[in-house]
Amino acid sequence: MFTRAVSRLGRKRPPSEIHTGESAVTAPDNDQKGTRKWATSLESLLDDPKGVGEFTDFLKKEFSEENLLFWLACEDFKGTRDKEQMLKKAHDIYTTFLSSKAPAQVNVEGQSRVSEKMLEEPHPLMFQKHQDQIFNLMKYDSYSRFLKSETFLKLKAKEEKESSASSAGESVPKRASRIYNT
C-alpha cells in the first residue's frame with residue numbers, strides 16, 4: 001500500500017519538483033532521445049525544447065495551447081527573484097490566464113482562484129496549485145492524445161528509420177549489445 005501511494009505521488013509531481021537541485025531523480029531513460037524519451041512521461045517531453053515545440057504545435061491544432069503556455073509561464077515565474085519582476089509577471093499571468101476576462105483562460109477549480117489582492121504580495125509558489133491542476137489535465141488528457149497523434153507517430157517513424165539506417169554500419173556484437181541494453 002505504501003509503495004502504491006509513493007508511486008502515485010511521483011506521478012502527480014510536475015517536472016519542476018522532480019528535477020530540482022543535485023538531488024534530482026534520475027530516470028532510467030537517460031540515453032533515450034526524441035520521441036522515445038517523450039513517450040516515457042510528460043515530464044520528459046517538457047524537459048526537451050524540441051518536445052515542447054512539437055507538443056505546442058499539437059495543442060494549437062487542438063485549441064488548448066493555453067494550458068501549456070500557462071504551465072511554462074508558471075515555471076518562468078517560479079525562477080524570478082526580483083520583486084518588481086515578480087509583481088509584473090504575476091499580474092501578466094493573472095490577466096492572461098486566470099482572470100474572468102483572460103484572453104487565454106485556463107480551466108482551474110473555482111476555490112483555488114487567485115484574487116487581485118493576492119497579486120500585491122507575490123511569492124514564487126503562488127500559482128503552484130493552479131499549475132499542478134493544469135499539469136495533471138495535460139498529463140491525463142492532451143499528452144495521451146499527443147502520443148496517439150499522427151504528428152507524433154510520423155516523428156517516431158522518422159526517428160526509427162534514421163536510427164536503423166545509422167545502425168546498418170554497426171558490427172553485429174555492437175548492435176546486439178545496443179538492442180539488448182535498450
### Task
Nearest 0.5 Å please: distance from the CG atom of D48 over to the CD atom of E43.
14.0 Å

### Query
Listed by chain and number, what are the side-chain hydrogen bond (donor to acceptor under 3.5 Å, both in side chains) partners of E159, not counting sequence neighbours?
T35

### Query
What pair of heavy atoms forms the shortest contact from A73 to F97, and how long is it?
CB-CE1, 4.1 Å

### Those residues that, when tested against K50, pass salt bridge (charged side-chain N to carboxylate O under 4.0 Å, His left out) (two or more places apart)
none

### Query
Which heavy-atom pair separates F70 from H130 by the least distance, and what is that distance?
CZ-CB, 3.6 Å

### Query
Which word best sums up how the rings of W71 and F135 line up, parallel for under 30°, tilted for 30 to 60°, or perpendicular for over 60°?
tilted

#### Entry: Donor-acceptor contact present, side-chain Y94 to main-chain L119, <3.5 Å
no

### Query
Who are the salt bridge (charged side-chain N to carboxylate O under 4.0 Å, His left out) partners of D92, not counting sequence neighbours?
K88

### Summary
Sorted by chain and number, sequence neighbours left out, salt bridge (charged side-chain N to carboxylate O under 4.0 Å, His left out) with E120 holds for none

### Query
Is the closest side-chain heavy-atom distance between L45 and F146 below 4.5 Å?
yes

### Query
Would you say L125 and M86 are hydrophobically clustered, going by side-chain heavy atoms of ILVMFWY under 4.5 Å?
no

### Atom pair CD (E75) and CZ (F127), whose distance is rounded to the nearest 0.5 Å
13.0 Å

### Message
Would you say that K78 contacts Q128 through its side chain, given a criterion of any heavy-atom pair below 4.5 Å between the two side chains?
### Response
yes

### Message
So, using side-chain hydrogen bond (donor to acceptor under 3.5 Å, both in side chains) as the criterion, who are the partners of T80 when residues are at least two apart?
### Response
K89

### Task
Taking side-chain hydrogen bond (donor to acceptor under 3.5 Å, both in side chains) as the test, write out the residues that go with E62, two or more places apart.
R145

### Query
Are any of the side-chain heavy atoms of R36 and E160 separated by less than 4.5 Å?
no

### Message
Applying salt bridge (charged side-chain N to carboxylate O under 4.0 Å, His left out), can you list everything that pairs with K156, at least two apart in sequence or on another chain?
### Response
none

## Note on the structure
When every non-hydrogen atom of I93 is compared with those of F77, the smallest separation belongs to CD1-CB, 3.7 Å

### Message
In the structure I gave you, are the side-chain heavy atoms of E109 and K129 within less than 4.5 Å of one another anywhere?
### Response
no

### Query
Can you name the closest pair of heavy atoms from F152 and L147 and give their distance?
CD2-O, 3.2 Å

### Message
My understanding is that only residues two or more places apart in sequence, or in another chain, count here; which of them pass side-chain hydrogen bond (donor to acceptor under 3.5 Å, both in side chains) with T96?
### Response
none

#### Entry: Check: P124 and R81 side chains under 4.5 Å, non-hydrogen atoms
yes

#### Entry: Partner residues of L137 under the side chain to side chain contact (heavy atoms under 4.5 Å, CB included) criterion, sequence neighbours left out
N67, I134

### Task
Nearest 0.5 Å please: distance from the CG atom of D47 over to the NZ atom of K37.
6.5 Å

### Message
Checking L87 now: which residues fulfil side chain to side chain contact (heavy atoms under 4.5 Å, CB included) with it, not counting sequence neighbours?
### Response
P122

### Query
Mind checking what makes side chain to side chain contact (heavy atoms under 4.5 Å, CB included) contact with A102, not counting sequence neighbours?
S99, Q105

### OG-NZ distance between S163 and K33, expressed to the nearest 0.5 angstrom
10.5 Å

What pairs of donor and acceptor atoms, side-chain ones from residues 54-61 against any protein atom, are under 3.5 angstrom apart with sequence neighbours left out?
unit_1 : atom_1 : unit_2 : atom_2 : d
T56    : OG1    : V52    : O      : 2.7

